[in-house]
Amino acid sequence: DTEVTQTPKHLVMGMTNKKSLKCEQHMGHRAMYWYKQKAKKPPELMFVYSYEKLSINESVPSRFSPECPNSSLLNLHLHALQPEDSALYLCASSQDPGQGRNTIYFGEGSWLTVV
Amino acid sequence: AQKITQTQPGMFVQEKEAVTLDCTYDTSDQSYGLFWYKQPSSGEMIFLIYQGSYDEQNATEGRYSLNFQKARKSANLVISASQLGDSAMYFCAMREGGSSNTGKLIFGQGTTLQVKP
């Protein structure tokens, strides 16, 4: 079983809604990530948090807003999304982004549908 | 720029047989890490195996082994004794090492494996 927990598993939202995806890990990892995955495509990195600070934003539109309240939690706030934002959103964590050996563990993902 | 290439979009294997999934990579870094992940239709990305660029021996994890040929820049995944539960999408991924490491994974396009009973 994965030690990275994502909620909700499925989310359907309208284009004017505000919703959030949540991610939690209790492995003591200090790096957390959001990836976006479209159908039959590989995941693409969106954000990296290192020691609770945003270290990478891969030019993601501002309608996606990440938040890291503490070292165990990572949120992705969603507002005014478009239907093309419908995808699987994967949260991941690793012990330290600076160590190449550190395995990156993923959660089960949140399936987002924007209507 | 870093790049991962998986040339097999789909593969079939008979149950209990071994199968090799191909992965080649391109990087100018001396320090890097290579990962294989399994993704069933449920969506979860499951870590399978890791190989570091300086590791002298090929990585093994249970039925999974990684055939690492550094000079050829290939990191093929070998699954022995295939099981029906192995049917899934498999991704090869690379991460830079050293001080430039951002934690970012670069993924290949994936290979869909179907195990026949």
Side-chain angles (χ1 to χ4, degrees), chain A residues 1-6 8-11 21 23 27 29-51 53-59 74 87-112, chain B residues 2-10 21 23 25 27 29-55 59 61 64 66 75 88-112:
Chain A
D1 290 340
T2 181
E3 295 186 69
V4 179
T5 304
Q6 290 187 242
K9 179 73 172 174
H10 297 274
L11 177 63
L21 304 180
C23 176
M27 294 181 281
H29 289 174
R30 303 314 299 270
M32 296 187 76
Y33 314 81
W34 280 114
Y35 280 81
K36 174 182 177 180
Q37 186 178 20
K38 300 286 280 184
K40 300 188 185 303
K41 296 291 186 182
E44 294 180 339
L45 182 68
M46 299 175 73
F47 302 104
V48 179
Y49 271 84
S50 176
Y51 293 87
K53 293 185 179 179
L54 183 65
S55 59
I56 294 180
N57 177 340
E58 292 282 286
S59 302
L74 185 65
L88 176 66
Y89 288 84
L90 291 161
C91 175
S93 71
S94 67
Q95 191 168 16
D96 184 334
Q99 295 296 321
R101 288 200 71 86
N102 288 340
T103 299
I104 296 180
Y105 294 96
F106 287 82
E108 294 184 345
S110 292
W111 294 90
L112 173 66
Chain B
Q2 291 182 313
K3 187 177 180 181
I4 293 282
T5 302
Q6 294 180 253
T7 57
Q8 306 153 312
L21 306 183
C23 172
Y25 61 91
T27 181
D29 279 342
Q30 297 299 309
S31 176
Y32 51 88
L34 296 158
F35 300 78
W36 276 94
Y37 288 89
K38 170 186 177 183
Q39 187 175 41
S41 57
S42 60
E44 182 184 4
M45 193 73 77
I46 302 167
F47 166 73
L48 296 178
I49 198 166
Y50 169 85
Q51 181 83 42
S53 58
Y54 293 120
D55 293 343
E61 292 282 351
Y64 305 106
L66 201 151
M89 176 77 88
Y90 288 79
F91 287 100
C92 180
M94 178 168 61
R95 186 170 68 183
E96 292 177 317
S99 59
S100 63
N101 184 13
T102 62
K104 179 177 181 177
L105 282 176
I106 304 296
F107 286 87
Q109 291 299 307
T111 296
T112 301

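All values below were derived from every heavy atom in this structure, side-chain atoms included, with hydrogens, water molecules and symmetry-related copies excluded. A, B, ... follow the sequence lines: proteins, then strands. Residue 1 opens every chain.
In the displayed structure, A/Lys9 atom NZ is contacted under 6.0 Å by more than 12 heavy atoms of other residues, nucleotides or ligands.
Only the side chain of A/Leu88 comes within less than 4.5 Å of a heavy atom in chain B; its backbone stays farther off. Within the 4.5 angstrom heavy-atom criterion, atoms from both the backbone and the side chain of B/Leu105 approach chain A. If you measure heavy-atom distances from A/Gln6 to chain B, you find no contacts under 4.5 Å at all.
Between B/Arg95 and A/Ser94, the shortest heavy-atom distance links the atoms NH1-OG, 4.2 Å. Between B/Gly108 and A/Pro42, the closest heavy-atom pair is O-CB, 3.2 Å.
The residue among B/Gly110, B/Ser42, B/Ser53 with the most heavy atom pairs within less than 4.5 Å of chain A is B/Ser42. Counting heavy-atom pairs closer than 4.5 Å to chain B, the top-ranked of the candidates A/Gly109, A/Ser110, A/Pro43 is A/Pro43. In terms of non-hydrogen atom pairs under 4.5 Å with chain B, the most contact-rich of A/Lys41, A/Lys40, A/Glu44, A/Gln37 is A/Gln37.
Remark: A/Phe47 pairs with no residue by the ring-ring contact (aromatic ring centres under 6.0 Å, His included) rule, at least two apart or across chains. With sequence neighbours excluded, no residue satisfies salt bridge (charged side-chain N to carboxylate O under 4.0 Å, His left out) with B/Lys38.
One finds the NZ atom of B/Lys104 at 11.5 Å from the CD1 atom of A/Ile104 (value rounded to the nearest 0.5 Å).
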